[in-house]
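Both counts, for ligands and for their atoms, begin at 1 and track the order of listing. Hydrogens, waters and symmetry mates play no part in the numbers below; they use all other heavy atoms, side chains included.
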Amino acid sequence: MSRFTAWDSGEARAVLRPHGGAPDAVLPMLQALQARFGFVHAEAVALVAEAVNLSRAEVHGTISFYHDFRSSPPAGRVIRLCAAEACQAVGGAALLAAARVLADGGDVVVEAVYCLGNCALGPAALVDGALVGHLDAERLAALVQGCAVAAVQVPR
Ligand code: FES
């Protein structure tokens, strides 16, 4: 079962509402939509443009500038591995490379992110929205294979 909500324009409007109507809200709006629906639906462009009083082209510009945005739902698990300094110092770069090899050709989406605010527990990752700390190769492989996130968490 997907952790994402099926696209619904009414719900998308509700997701956008708390962000206000300032043009600098475009990025957090798009992030919030992707977090809820797993991607930025084509209809979302008009909703965001209307909410912040920008053109659709300007919203498209933001979407295409940031490579994190997807235009269709991810087929499988989304693993976002931290590639920032503190996590790199404890093996994050090697894990990211390994994750890309493990996920190659499958449904798992592997993305690099730059600090998840979990630096003390690096290497850190966000797996289907759940923070995972002290990641190692063995637990990464389990995550790519679809094991429950809770099963690979290291107790604090
Ligand atoms: S540097 Fe990786 S979570 Fe902050």
Side-chain angles (χ1 to χ4, degrees), residues 1-7 11-12 14-20 22-41 44-45 48 51-52 58-156:
M1 186 173 121
S2 173
R3 70 176 181 88
F4 299 113
T5 301
W7 170 256
E11 186 161 341
V15 168
L16 298 179
R17 205 167 294 124
H19 293 278
D24 64 357
V26 169
L27 191 55
M29 283 177 164
L30 293 169
Q31 290 167 331
L33 289 169
Q34 183 156 291
R36 177 67 58 90
F37 301 107
F39 70 112
V40 178
H41 193 283
V45 175
V48 172
V52 297
E58 288 169 303
V59 175
H60 266 300
T62 301
I63 292 170
S64 56
F65 182 81
Y66 293 97
H67 301 287
D68 283 351
F69 294 121
R70 290 181 287 274
S71 60
S72 59
R77 168 167 277 172
V78 178
I79 300 177
R80 310 187 82 201
L81 279 153
C82 179
E85 193 171 337
C87 285
Q88 278 207 22
V90 290
L95 282 178
L96 179 59
R100 286 182 167 142
V101 170
L102 288 168
D104 189 37
D107 290 338
V108 176
V109 175
V110 175
E111 299 173 340
V113 292
Y114 295 89
C115 196
L116 295 163
N118 201 30
C119 318
L121 296 178
L126 199 62
V127 182
D128 289 343
L131 265 176
V132 177
H134 293 312
L135 201 55
D136 60 22
E138 186 180 330
R139 289 184 299 120
L140 173 66
L143 289 168
V144 171
Q145 289 163 13
C147 291
V149 175
V152 300
Q153 296 275 20
V154 171
R156 294 182 185 208

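- With ligand atoms numbered from 1 in the order given, ligand 1 contributes 1 (S) to contacts under 4.0 Å with heavy atoms of A86.
- Side-chain contact between H60 and S64: absent, with no pair of heavy atoms (C-beta onward) separated by less than 4.5 Å.
- In summary, C115 places an N/O/S atom under 2.8 Å from atom 4 (Fe) of ligand 1, meeting the contact criterion.
- In terms of protein heavy-atom proximity, atom 3 (S) of ligand 1 is nearest to L116 N, 3.2 Å.
- Distance alone, capped at 3.5 Å, places no donor-acceptor pair between the R77 side chain and the V109 backbone.
- Listed by number with element, the atoms of ligand 1 under 4.0 angstrom from any heavy atom of C119 are 1 (S), 3 (S), 4 (Fe).
- V78 has its side chain out of reach of V127: every pair of non-hydrogen atoms, C-beta onward, lies at least 4.5 Å apart.
- Those atoms of ligand 1 that come under 4.0 Å of a heavy atom in A84, given as number and element, are 1 (S).
- Here the NE2 atom belonging to H19 is positioned 11.5 Å from the CG atom belonging to D24, to the nearest 0.5 angstrom.
- Atom numbering of ligand 1 starts at 1 in the shown order; those under 4.0 Å from a heavy atom of G117 are 3 (S).
- Residue C82 does not count as close to atom 4 (Fe) of ligand 1, with no N, O or S atom under 2.8 Å.
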Practice item. With ring pair (Phe, Tyr, Trp, His ring centres under 6.0 Å) as the test, would you mind laying out the steps for F39 and H41 before giving the verdict? Key: CA-CA 6 Å; F39 70 112; H41 193 283; 5.8 Å; yes
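- Judged by the shortest distance from any of its heavy atoms, G122 lies outside the 4.0 Å radius around the atoms of ligand 1.
- In the displayed structure, E85 atom CD is contacted under 6.0 Å by at most 12 heavy atoms of other residues, nucleotides or ligands.
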